[in-house]
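A short worksheet on the structure shown next.
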Amino acid sequence: MKHVAILGSTGSIGTQALDVVKAHPDRFALYGVSAHSREDAFLALVQAERPRRAVFSRPINAAVPGVAFSFGEEALCDLAADPQVDIVVLAVSGIAALMPLLAALRAGKRVAIANKESLVCGGDLVREALRQGGGELLPVDSEQSAIFQCLQNGRREEVEKLILTASGGPFFQRKREELKDITPAQAVKHPTWSMGRKISLDSATLMNKGLEVMEAARLFGFSGDEIDVLIHPQSLIHSMVAYRDGTVMANLSRADMRLPIQYAMTYPERVPSPARPLKLYEQPSLTFIRPDMDRFPALKMAYFCLKAGGGCPVVYNGANERAAELFFAGELGFLEIEESVAYALDGFVNRPMTGLDDILAADGEARRLVDAFQRTRSFT
Ligand code: NDP
Ligand code: MG
């Protein structure tokens, strides 16, 4: 029996992870949960599931028999490293996942990681924590899970390319000038996946794919030159690995995140899952389009950041997180998201990231640069 802690339990990935835990009462027991702002949803979940520990970001009045409540970031890290926990599902969004990720890895946990921002920003720190604690990092993000599975068919030196597929989001067929007045409601309507609001927006700007290019590089040790992106609007192939003999391994399934979540939890075993099986004869044809880098600056900037290294990936992420907040608040336009990220990258003097303090400083700087961009826009 494995004890599971779901960090970010009220979110899209968090609730699907709970489904997986409940689908396998013989394998998994829910030990701990966390949430950040949705107090009512959190308390309803704790009441219904009765985990042993529950962590909320700020102090709240909560009393549920048998449940130990604690509050704040330190408590979140403490849950991630709790000796009773075997598997941490990291479904917190944003760079806030970095501290609990490091805590879990240093304590030697298996981390089923959905959060990509922490991998992009954490860089060497994550690798070091993994080495130190002897834990395991198993990808949940569907593209990375696909690549992880396809890589099991050969050795590192036999791989030619990682091919990340992208749905292209809701607007990839529109011209850039048609996107100026896109509203938050339009931007989060994803064509193939149902996800949290921030990642849905990131899919529409292609920032999500940019983050995933860097995430793949971090997880599997490949350079930007070895990672391609291919638009595949049906989201049936979740990503591929091209080998040097000309073979391409692909991973296909329905667009249901419970599959990669479960695989990260049961690996190396495969067990029946709550996801419906894929019937290929019911599917329309599969199509692929090479992305135009000029049309999608978010991708171009991600490759630039990966190559530049240092604080650039942190700035890319921090600027995008802040720009997303401002877009949802109606203070930035849709196209201004990528413009403000470019502005932040331009204003940032790149330097090596030697530890957590450097990362947090670069993240803060990126956010301030986006705010400055927004202020100059609001004058014109
Ligand atoms: P949601 O916004 O739906 O959920 C985020 C969860 O994290 C919520 O439980 C939220 O709590 C909690 N949270 C938010 N901010 C903080 C914070 N500062 N500190 C602690 N907890 C916090 O996001 P998703 O589930 O969509 O995504 C989660 C992560 O997984 C992201 O990094 C995303 O990129 C990645 N991912 C998601 C996929 C998906 O299908 N949704 C697919 C692949 C990757 P509360 O609700 O109480 O505010
Ligand atoms: Mg993904």
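Order of appearance sets the numbers: ligands from 1, and atoms from 1 within every ligand. Numbering of residues begins at 1 and proceeds along the displayed sequence. The structure presented is a predicted model; accordingly, all values stated were derived computationally and were not measured.
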**Asked** When the ring planes of His3 and Tyr31 are compared, do they come out parallel, tilted or perpendicular, using 30° and 60° as the limits?
**Response** tilted
**Prompt:** What do the steps show when you test Lys116 against Asn317 for side chain to side chain donor-acceptor pair (under 3.5 Å), and what is the final call?
**Reply:** CA-CA 10 Å; Lys116 56 197 79 180; Asn317 178 71; over 6 Å; no
**Asked** Are the charged groups of Arg131 and Glu128 less than 4.0 angstrom apart, N to O?
**Response** yes
**Message:** Check for me whether Arg156 meets the cation-pi criterion with Phe220, that is, NZ or CZ under 6.0 Å from the six-membered ring centre and within 45 degrees of the ring axis.
**Reply:** no
**Whether Phe28 and His24 hold their rings parallel, tilted or perpendicular, with breakpoints at 30° and 60°** = perpendicular
**Asked** Using heavy atoms and a threshold below 4.0 Å, how should the contact between Thr10 and ligand 1 be classified: side chain, backbone, both, or neither?
**Response** both
**Item:** Contact check, Glu117 vs ligand 1, heavy-atom distance below 4.0 Å
**Value:** yes
**Prompt:** Is there a donor-acceptor pair closer than 3.5 Å between any side-chain N or O of Ser378 and the backbone N or O of Arg375?
**Reply:** yes
**Asked** Against heavy atoms of Gly196, which atoms of ligand 1 measure under 4.0 Å?
**Response** 3 (O), 26 (O), 41 (N)
**Asked** Does ligand 1 have a heavy atom under 4.0 Å from the side chain of Met257, from its backbone, from both, or from neither?
**Response** side chain
**Message:** Give the atom numbers and elements of ligand 1 that come within less than 4.0 Å of a heavy atom of Ala114.
**Reply:** 30 (O), 35 (C), 36 (N), 44 (C)
**Request:** Considering heavy atoms of the protein only, find what lies nearest to atom 25 (O) of ligand 1 and give residue, atom and distance to 0.1 Å.
**Result:** Ile13 N, 2.9 Å
**Prompt:** Taking N or O atoms only and a 3.5 Å limit, does Gly11 qualify as a polar contact for ligand 1?
**Reply:** yes
**Request:** Measure Ala41 to ligand 1 on non-hydrogen atoms and call it side chain, backbone, both or neither using the 4.0 Å cut-off.
**Result:** neither
**Those atoms of ligand 1 less than 4.0 Å from some heavy atom in Asn115** = 30 (O), 32 (O)
**Complete:** The atom of Glu143 among N, O or S that is nearest the Mg ion (ligand 2) is OE1
**Asked** With a 4.0 Å cut-off on heavy atoms, does Arg197 reach ligand 1?
**Response** no
**Numbering as shown, the atoms of ligand 1 that approach Met195 to under 4.0 Å (heavy-atom distance)** = 39 (C), 40 (O), 41 (N)
**Message:** Show me which atoms of ligand 1 lie under 4.0 Å from any heavy atom of Ser9.
**Reply:** 9 (O)
**Complete:** If you scan protein heavy atoms around atom 3 (O) of ligand 1, the nearest is Ser12 N, 2.9 Å
**Asked** Does a salt bridge link Asp82 with Arg52, judged by any charged N lying under 4.0 Å from a carboxylate O?
**Response** no
**Request:** Please identify which atoms of ligand 1 are closer than 4.0 Å to at least one heavy atom of Ala96.
**Result:** 17 (C), 18 (N), 19 (N)
**Prompt:** Taking 4.0 angstrom as the limit, do Glu365 and Arg351 come out as a salt bridge?
**Reply:** yes
**Asked** By atom name, which N, O or S atom of Asp141 is the nearest to the Mg ion (ligand 2)?
**Response** OD1
**Asked** Counting from 1, what ligand 1 atoms have a heavy atom of Ala91 closer than 4.0 Å?
**Response** 5 (C), 6 (C), 7 (O), 28 (C)
**Prompt:** Nearest to atom 29 (C) of ligand 1, what protein heavy atom do you find, and at what distance?
**Reply:** Val92 O, 3.6 Å
**Item:** Glu177 and Lys175 ion-paired at < 4.0 Å
**Value:** no
**Chi angles and distances behind the side chain to side chain donor-acceptor pair (under 3.5 Å) call for Thr247, Asp245** = CA-CA 6 Å; Thr247 300; Asp245 62 355; 3.1 Å; yes
**Among Glu39, His190, His36, Glu143, closest by any non-hydrogen atom to atom 12 (C) of ligand 1** = His36
**Prompt:** Should Ile231 and Leu211 be counted in the same cluster of Ile, Leu, Val, Met, Phe, Trp and Tyr side chains packed under 4.5 Å apart?
**Reply:** yes
**Request:** Apply the test salt bridge (Lys or Arg N to Asp or Glu O under 4.0 Å) to residues Arg322 and Glu325: give CA-CA distance (whole Å), side-chain angles for both, the deciding distance (0.1 Å), then the verdict.
**Result:** CA-CA 5 Å; Arg322 182 63 186 142; Glu325 285 167 14; 2.6 Å; yes
**Message:** Could you check whether Asp363 pairs with Arg367 (Lys NZ or Arg NE/NH1/NH2 to Asp/Glu carboxylate O, under 4.0 Å)?
**Reply:** yes
**Complete:** re atom 36 (N) of ligand 1, the protein heavy-atom contact at minimum distance is Ile199 CD1, 3.5 Å
**Complete:** ligand 1 atoms nearer than 4.0 angstrom to some heavy atom of Ser37 are 45 (P), 47 (O), 48 (O)
**Request:** Report the nearest protein non-hydrogen atom to atom 34 (O) of ligand 1: residue, atom name, distance rounded to 0.1 Å.
**Result:** Lys116 CE, 3.4 Å
**Prompt:** Considering only heavy atoms from C-beta outward, does the side chain of Leu201 approach that of Phe328 to under 4.5 Å?
**Reply:** yes
**Asked** By atom name, which N, O or S atom of Glu212 is the nearest to the Mg ion (ligand 2)?
**Response** OE2
**Prompt:** Hey, is ligand 1 close enough to Arg38 that some N/O pair sits below 3.5 Å?
**Reply:** yes
**Request:** Can you pull out the closest protein heavy atom to atom 43 (C) of ligand 1? Residue, atom name and distance to 0.1 Å, please.
**Result:** Asp141 OD1, 3.2 Å
**Prompt:** If you group Ile, Leu, Val, Met, Phe, Trp and Tyr by side-chain heavy-atom gaps below 4.5 Å, do Val46 and Val88 land in one group?
**Reply:** no
**Item:** Polar contact flag for Phe56 and ligand 1 (N/O pairs, less than 3.5 Å)
**Value:** no
**Prompt:** atom 14 (C) of ligand 1: which protein heavy atom is closest, and how many Å away?
**Reply:** Ser93 OG, 3.5 Å
**Asked** With a distance cut-off below 6.0 Å to the six-membered ring centre and an angular limit of 45° from the axis, does Arg270 pair with Tyr263 as a cation-pi contact?
**Response** yes
